[in-house]
J.: 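My questions all concern the structure below.
Because the structure is a prediction, the values reported are computed rather than measured.
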Amino acid sequence: MARTIAPKKTPIAEQDPLARGKNFDEVCLGYTLEEARIEATRCLQCKTAPCVGGCPVAIDIPGFIKALAEGDLPKSWGILSDATALPAVCGRVCPQETQCEGVCTVGKIKGKEPVAIGKLERFVADWKASQPEEPLTAPTQDKGKVAVVGSGPAGLTVAGDLAKMGYKVTVFEALHEPGGVLMYGIPEFRLPKAIVRREIGNIRKLGVDVEVNAVVGRTLSMEEIRDGFDAVFIGTGAGAPHFMNLPGTNLNGVFSASEYLTRINLMHAYEFPTYDTPTKTSKKVVVVGGGNVAMDAARSALRLGADEVSVVYRRSVEELPARVEEYHHAVEEGIVFNFLTNPVEYVGDEKGRLKAVRCIRMELGEPDASGRRRPVPVKDSDFTIEADTVIEAIGQGSNKVLLNAFPELKLNKWGYIDADEKTGETNLPGVYAGGDIVTGAATVILAMGVGRDAARAIDGYLKSKKG
């Protein structure tokens with residue numbers, strides 16, 4: 001007899017939209033054990049396991065879900081931790097809807113939703129954190145020394161995997177706290193910083209050293225690092241903001257999302273004056289862009305007390321690159337969306353302060369190089385939105401501090417490091433790179449997948465050197 005599979009995902013508790021728009025506490029409250037086990041039973045345990053192929057780090061998804069359904073949480077955790085160094089992070093911020101859940105067999109059945117793989121991963125990771133801490137003996141680290149430049153998702157994955165293999169790993173981080181985009185880019189209400197610190201703590205327990213305030217290319221050179229280590233992985237991310245360079249960009253009140261979110265997340269501006277980093281007090285905020293960063297900026301502005309927050313996006317909702325979950329959360333919280341709209345000028349007052357955004361309506365024309373229909377301005381469709389703050393969230397580029405100080409490293413035509421997409425090998429022996437500094441801005445889990453591949457390649461390289 002065929003199994004009866006519940007058509008919908010098991011509902012998960014969330015903060016009320018009106019309440020959460022006024023705080024930075026996590027929106028999703030997570031499954032209970034009973035709810036998680038009920039959801040786990042929706043997995044068909046199909047032999048083809050397309051979900052594994054859809055996961056950039058190839059987690060044994062049916063395996064950890066089966067153990068969870070059977071109530072064997074230690075086994076479930078063991079399966080997860082073998083594949084990923086950041087399970088509590090991935091369970092919260094990965095775009096599961098386009099990866100593991102996007103190819104889930106259950107979701108292919110008419111009228112049924114895929115298994116909530118991400119929420120189950122988060123549950124198991126959080127369960128593990130709630131258990132008494134077990135003493136951990138770091139692996140013997142006698143196979144060689146590896147430097148990792150940058151402590152974002154790619155760098156942390158490389159560090160953890162190589163430490164497990166028996167290498168002595170040192171991570172160099174330019175900022176005052178490790179985590180990269182996990183710390184400075186993603187808000188507390190989506191990814192609590194205590195979760196990130198916990199995951200990094202687990203990597204440190206493997207024997208990984210982390211040096212902060214270490215700006216490679218300034219406080220120490222790549223020559224020093226290459227002289228002191230057997231191999232190097234560069235994972236410095238792509239955090240340099242892009243601007244549209246519209247008239248009025250220099251007005252007081254125009255920000256990049258990178259600065260705005262870094263002030264809030266890494267530097268605790270949302271807890272001012274407990275922390276001494278302030279942020280602008282805004283009443284009417286316009287966010288330009290349609291990705292996850294735009295959603296994060298808009299929802300953060302609302303929580304900081306703005307009366308009105310609107311998102312301006314030049315395409316339609318069908319082309320919106322943000323996760324569906326983040327878009328829905330933003331709508332629930334009262335964020336206004338102006339689709340098929342593009343800013344053309346920032347208007348200031350006599351004191352140089354932003355007072356309005358002049359926009360133009362758009363319509364979709366023929367597809368561009370990305371495959372999406374190109375937005376085309378509609379003649380004589382100008383209108384104005386009152387605003388005292390604009391946050392541009394239109395993408396980031398490579399940080400040039402290290403790259404300018406390391407001219408031997410080959411770059412591609414976009415200014416990112418030219419590295420093999422599978423192994424991370426660069427044009428320099430023993431130097432590897434991965435994550436956003438190679439691909440441009442992408443997702444946490446894709447950076448982690450690259451990190452896993454690079455760790456294996458570095459291991460192979462160092463073994464070959466020893467003969």
Side-chain angles (χ1 to χ4, degrees), residues 55-60 63-64 67 73-90 121 124-125 127-129 131-173 178-180 182 195-212 214 225-226 228-235 423-425 430-435 445 447-467:
C55 174
V57 295
I59 293 171
D60 177 7
F64 98 79
L73 273 68
K75 180 179 179 180
S76 183
W77 163 253
I79 294 169
L80 262 183
S81 61
D82 280 346
T84 171
L86 305 170
V89 169
C90 295
E121 180 180 11
V124 175
W127 167 83
K128 175 61 178 177
Q131 302 305 297
E133 192 167 333
E134 300 173 3
L136 179 66
T137 302
T140 302
Q141 298 176 329
D142 59 359
K143 293 174 67 175
K145 295 170 63 179
V146 180
V148 174
V149 183
S151 66
L156 292 173
T157 300
V158 169
D161 282 6
L162 287 174
K164 290 177 183 177
M165 294 177 191
Y167 293 95
K168 179 60 181 173
V169 183
T170 301
V171 177
F172 296 94
E173 168 56 49
L182 305 176
I195 300 291
V196 181
R197 294 188 186 103
R198 184 179 82 203
E199 306 273 62
I200 293 173
N202 290 335
I203 293 171
R204 279 178 153 141
K205 289 174 185 175
L206 295 171
V208 174
D209 290 331
V210 180
E211 294 190 16
V212 296
I225 288 181
R226 294 186 74 190
F229 293 86
D230 301 306
V232 181
F233 176 83
I234 301 173
T423 65
E425 290 180 89
V431 178
Y432 294 75
I445 190 65
M448 291 176 62
V450 169
R452 295 212 81 186
D453 291 339
R456 287 191 287 266
I458 291 170
D459 178 49
Y461 165 76
L462 293 178
K463 284 178 176 175
S464 70
K465 281 186 67 178
K466 291 182 178 180

J.: Do any N or O atoms from the side chain of Thr423 and from the backbone of Ala454 form a donor-acceptor pair under 3.5 angstrom?
T.: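 Not a single qualifying donor-acceptor pair exists.
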J.: Checking side chain to side chain contact (heavy atoms under 4.5 Å, CB included) for the pair Arg197/Ile200: CA distance, chi angles, key distance, verdict?
T.: CA-CA 5 Å; Arg197 294 188 186 103; Ile200 293 173; 5.7 Å; no
J.: If you compare all heavy atoms of Ala147 against all heavy atoms of Ile225, which two are closest, and at what distance to 0.1 Å?
T.: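 The answer is CB-CG2, 3.5 Å.
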J.: What heavy-atom pair brings Arg204 and Val210 nearest, and what distance separates the two atoms?
T.: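 In terms of heavy atoms, the two residues are closest at NH2-CB, 3.4 Å.
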J.: Determine whether Asp209 and Lys168 satisfy the following criterion, side chain to side chain contact (heavy atoms under 4.5 Å, CB included), listing intermediate values before the conclusion.
T.: CA-CA 8 Å; Asp209 290 331; Lys168 179 60 181 173; 3.0 Å; yes
J.: Using side-chain heavy atoms (C-beta onward) and a distance below 4.5 Å, is Val146 in contact with Leu462?
T.: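 In short, these two side chains touch, coming nearer than 4.5 Å.
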J.: So how far is it from Leu182 CG to Leu156 CG, rounded to the nearest 0.5 Å?
T.: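 Answer for the CG-CG pair, Leu182 versus Leu156, is 7.0 Å.
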J.: At what distance, to the nearest 0.5 angstrom, does CZ of Phe233 lie from CD1 of Ile458?
T.: 7.0 Å
J.: What's the shortest heavy-atom distance between Glu173 and Ser151, and which atoms?
T.: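 Glu173 and Ser151 have their closest heavy atoms at OE1-OG, 2.6 Å.
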J.: Quick one: closest heavy-atom pair of Val212 and Pro178, and the distance?
T.: CG1-CD, 3.7 Å
J.: Indicate the atoms forming the closest heavy-atom contact of Val124 with Ser76, along with that distance.
T.: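 Scanning both residues, the minimum pair turns out to be CG2-OG, 3.5 Å.
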J.: Side chain of Lys164, backbone of Asp82: donor and acceptor closer than 3.5 Å?
T.: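 Flag not set: sc Lys164 to bb Asp82 has no pair under 3.5 Å.
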J.: Kindly indicate whether the side chain of Lys463, heavy atoms from C-beta on, has any atom under 4.5 Å from the side chain of Met165.
T.: no
J.: Has Glu133 got more than 12 heavy atoms of other residues, nucleotides or ligands less than 6.0 Å from its CD?
T.: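 It does not: Glu133 CD has 12 such atoms or fewer within range.
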J.: Answer yes when Arg456 and Asp161 have at least one side-chain N-carboxylate O distance shorter than 4.0 Å, and no when they do not.
T.: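 Looking at Arg456 and Asp161, the cut-off is not met.
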J.: Ignoring hydrogens, what is the shortest heavy-atom contact between Cys90 and Thr84? Give both atom names and the distance.
T.: SG-OG1, 4.1 Å
J.: Is any side-chain heavy atom of Lys145 less than 4.5 Å from a side-chain heavy atom of Thr170?
T.: no
J.: Do Lys143 and Asp459 make a side-chain contact, defined as non-hydrogen atoms from C-beta onward lying under 4.5 Å apart?
T.: yes
J.: Distance from Met448 atom CE to Leu86 atom CG, nearest 0.5 Å?
T.: 4.0 Å
J.: Any chance you could lay out the side chain to side chain contact (heavy atoms under 4.5 Å, CB included) test for Thr157 and Val57, step after step, and finish with the verdict?
T.: CA-CA 10 Å; Thr157 300; Val57 295; 5.7 Å; no
J.: Evaluate the side-chain proximity of Glu199 to Pro87: yes if any heavy-atom separation is below 4.5 Å, no if none is.
T.: yes
J.: Give a yes or no on whether the backbone of Ala83 and the side-chain of Arg452 come within a donor-acceptor separation of less than 3.5 Å.
T.: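 Side chain of Arg452 to backbone of Ala83, a donor-acceptor pair under 3.5 Å: yes, one is there.
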